[in-house]
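Report on the following structure.
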2 protein chains.
Amino acid sequence: MKTIELEDDLYRYIASQTQDIGESASDILRRLLALPTEHATANKNAVSVEDSSSLLERATEQNRVESQVVVSSPSSVIETNPAVVVDLAPIVTNLPASIDKLIKDKEFKNISVSVTKFIQILSVLYAEHPTEFQAATEIKGRKRIYFAKSEKALLSAGSTTKPRKIEHTPFWVITNTNTGRKRNMITQLMAEMGYPHSLIDAVSQSI
Amino acid sequence: MKTIELEDDLYRYIASQTQDIGESASDILRRLLALPTEHATANKNAVSVEDSSSLLERATEQNRVESQVVVSSPSSVIETNPAVVVDLAPIVTNLPASIDKLIKDKEFKNISVSVTKFIQILSVLYAEHPTEFQAATEIKGRKRIYFAKSEKALLSAGSTTKPRKIEHTPFWVITNTNTGRKRNMITQLMAEMGYPHSLIDAVSQSI
DNA sequence: GATCTGATCGAAGGGATCGTTG
DNA sequence: TCCAACGATCCCTTCGATCAGA
């Protein structure tokens, strides 16, 4: 996400062009400028600019689907510690069930805080492929470890890593990183999990 | 100057349309949108030097009218609890039935206490779209919750939150906030409810 | 818990920037 | 010495709630 400043009247004009309740500035401007949506664009680029691998990637994607034999791990074992402690039942934010859904989601796009998007992405990645996620969770930095099943583990592997729980998941992540690193972490993780290059890029850029 | 967030590719596209070195985002967008320069615009608007909002409001009204598809929920259920309890029968201030009406209302504008305006706005928002209001009621701060159906709930989620009942509504709000935060709360709430950006701004600024 | 409003200032969170390491 | 990758300090923003002011 980029931020730009507009003169007030111009801002008002653009806002007044809202057609669907809740539209983002990007949505409105794309329409006004008669630009294709992000995805259309992304696809075009994938084919023309990038490389010929797009075909390959598509094939890869199929492979993935077929190989989806994953056994759901006994997350229950870990889920035993949940929030009963917490007073007000945390309203379960219904996240989409797949990442490509998530990154297209209106609400998701409107989130301005990148940590939030980061966590939600991780949450959905886990939901899709818990086993692969768990395996990919090994990725780490020079001194810090990125993922763990306890806050303490992350805390003890660096200073002020700002661990955060990944909702609906037994994992925690470090959070004291710039956005670039968050993208790297997503990229590494998804690569490890076996996602196609194109999707990985799309997800990383969505932060 | 207003700030908006754009998706990265859109930002890049706009930046790439620079024709004169040093052009601002506003300059570029005006050209792309084939809009007159600020001066031309300013003259047109000149009618209302003070609050440039008159134009805004007009435009806003149109948007809203079209989108008025919301189903009115059985507010009667709640209307059963009215004020008979209260000592001095509060003269039921007949609030307008829609927010844009409310914020244009003479009486409303004359209210100097922002809490009062804050509550009235909430009351009208509820009247317009009870269901959406209820859903949007989830918004909260870091420690405090902002809305609840009981005073106690608000009291227990922070210290001295000064809960107040929102008239003609099953909800309570916290009130121990500065005006800026009250505006934020309105902004968040209305956004969540799906109101167009322009109206949201107008309402927030009316506090 | 009882005066009420809300600005001010302190606390916490987010993440860019800059220092460190290999 | 320089470069790339990584770490985490620290600045800025957002939020909370005390307490000044009426």
Side-chain angles (χ1 to χ4, degrees), chain A residues 1-3 5 110-122 138-148 151 153-166 172-189 191 204-207, chain B residues 1-5 8 86-88 90 110-122 138-148 150-166 172-189 191 204-207:
Chain A
M1 282 293 196
K2 286 282 191 178
T3 297
E5 283 202 333
N110 277 334
I111 297 173
S112 60
V113 179
S114 54
V115 176
T116 306
K117 285 186 280 191
F118 181 60
I119 300 269
Q120 291 199 359
I121 288 171
L122 293 172
E138 292 171 8
I139 63 173
K140 54 177 190 293
R142 200 154 50 214
K143 307 166 60 176
R144 298 155 145 186
I145 57 178
Y146 292 159
F147 299 89
E151 183 180 15
L154 297 181
L155 247 17
S156 63
S159 93
T160 45
T161 52
K162 305 271 186 73
R164 290 268 294 261
K165 173 108 179 149
I166 310 175
W172 292 69
V173 217
I174 69 169
T175 263
N176 181 206
T177 65
N178 57 29
T179 305
R181 180 141 313 283
K182 289 191 185 79
R183 293 206 180 97
N184 286 349
M185 289 170 65
I186 294 292
T187 302
Q188 281 183 58
L189 186 86
S204 294
Q205 290 188 29
S206 77
I207 298 184
Chain B
M1 281 294 198
K2 285 282 192 179
T3 295
I4 63 174
E5 283 202 335
D8 291 12
V86 183
D87 37 23
L88 304 173
N110 276 334
I111 298 172
S112 61
V113 180
S114 55
V115 176
T116 307
K117 285 186 280 191
F118 181 59
I119 300 270
Q120 291 198 359
I121 287 171
L122 293 172
E138 293 171 10
I139 62 174
K140 53 177 188 293
R142 201 152 47 215
K143 306 167 61 177
R144 298 154 145 187
I145 57 178
Y146 291 158
F147 299 89
S150 78
E151 184 180 14
K152 281 234 303 295
L154 297 181
L155 248 16
S156 63
S159 93
T160 44
T161 52
K162 304 278 182 67
R164 289 268 294 262
K165 173 106 180 150
I166 310 175
W172 292 70
V173 217
I174 69 169
T175 263
N176 180 205
T177 65
N178 57 29
T179 305
R181 181 143 312 285
K182 289 190 186 80
R183 293 205 180 97
N184 285 348
M185 288 169 66
I186 294 291
T187 301
Q188 280 184 57
L189 185 86
S204 294
Q205 292 187 26
S206 77
I207 297 185

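Side chains included, hydrogens not; waters and symmetry mates left out as well; all remaining heavy atoms used. A note on names: the letters A, B, ... follow the listed sequences, proteins ahead of strands, and every chain is numbered from 1.
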Query - Working for side chain to side chain contact (heavy atoms under 4.5 Å, CB included), residues A/Val115 and A/Lys162 - result: CA-CA 11 Å; A/Val115 176; A/Lys162 305 271 186 73; over 6 Å; no

Report task. Please report the C-alpha distance between A/Phe118 and A/Met185 in whole Å, then the side-chain angles of each, then the deciding distance to 0.1 Å, and finally whether the side chain to side chain contact (heavy atoms under 4.5 Å, CB included) criterion is met. Result -> CA-CA 9 Å; A/Phe118 181 60; A/Met185 289 170 65; 3.7 Å; yes

Requested in this report: Would you please test B/Ile166 and B/Phe147 for side chain to side chain contact (heavy atoms under 4.5 Å, CB included) and show each step?
Outcome: CA-CA 10 Å; B/Ile166 310 175; B/Phe147 299 89; 4.1 Å; yes

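Taking atom P in both C/dT17 and D/dC2, one finds a spacing of 24 Å when rounded to whole Å.
In this structure, the side chain of A/Lys182 engages the main chain of A/Thr177 through a donor-acceptor pair within 3.5 Å.
Summarising the geometry, the separation between CE on B/Met185 and P on C/dG6 is reported as 13 Å, rounded to the nearest angstrom. Rounded to a whole Å, the CZ atom of A/Phe118 is 17 Å from the P atom of C/dG13. Summarising the geometry, the separation between NZ on B/Lys117 and P on C/dT5 is reported as 14 Å, rounded to the nearest angstrom.
Where B/Arg181 and B/Thr160 meet DNA chain D, the nucleotide closest to each residue was compared, and B/Arg181 sits on the side nearer the 5' end.
Remark: DNA chain C takes part in the stems C:3-22 with D:3-22, each of 3 or more antiparallel Watson-Crick or G-U pairs, criterion distances under 3.5 Å.
A/Asn176 and A/Arg144 make their closest contact through O-NH2, 3.0 Å (heavy atoms, listed as atom of the first residue, atom of the second, distance). In this structure, B/Ile145 and B/Ala153 approach most closely via the heavy-atom pair CD1-O, 3.7 Å. Smallest separation of non-hydrogen atoms from A/Gln205 and A/Arg183: CA-NE, 4.3 Å. When all heavy atoms of A/Trp172 and A/Lys165 are compared, the pair lying nearest together is CE3-N, 3.4 Å. Across B/Leu154 and B/Thr161, no two heavy atoms sit closer than the pair O-OG1, 3.5 Å.
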Could you go through nucleotides 14-18 of chain C and list every protein N or O atom that sits under 3.5 Å from one of its N or O atoms, giving the distance for each pair?
from	atom 1	to	atom 2	distance (Å)
C/dG14	OP1	A/Arg164	NH1	3.2
C/dG14	OP2	A/Arg164	NH1	3.1
C/dG14	N7	A/Lys162	NZ	3.4
C/dG15	OP1	A/Ser114	N	2.6
C/dG15	OP1	A/Ser114	OG	3.0
C/dG15	OP2	A/Ser114	OG	3.1
C/dG15	OP2	A/Val115	N	2.9
C/dG15	O5'	A/Ser114	OG	3.4
C/dG15	O6	A/Lys162	NZ	3.4
C/dG15	O6	A/Asn176	ND2	3.3
C/dA16	OP1	A/Thr179	OG1	3.1
C/dA16	OP2	A/Thr179	N	2.8
C/dA16	OP2	A/Thr179	OG1	2.9
C/dT17	O4	A/Asn178	ND2	2.8

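Put simply, CZ on B/Arg181 and OG1 on B/Thr187 are 10.5 Å apart, with the number rounded to the nearest 0.5 Å. Between the NZ atom of A/Lys143 and the OG atom of A/Ser159 there is a distance of 7.0 Å, given to the nearest 0.5 Å.
Counting non-hydrogen atoms under 4.0 angstrom, B/Tyr146 reaches the backbone sugars and phosphates but no base.
If you walk DNA chain D from 5' to 3' and mark each nucleotide with an atom closer than 4.0 Å to a heavy atom of chain B, the marks span D/dT14 to D/dT18.
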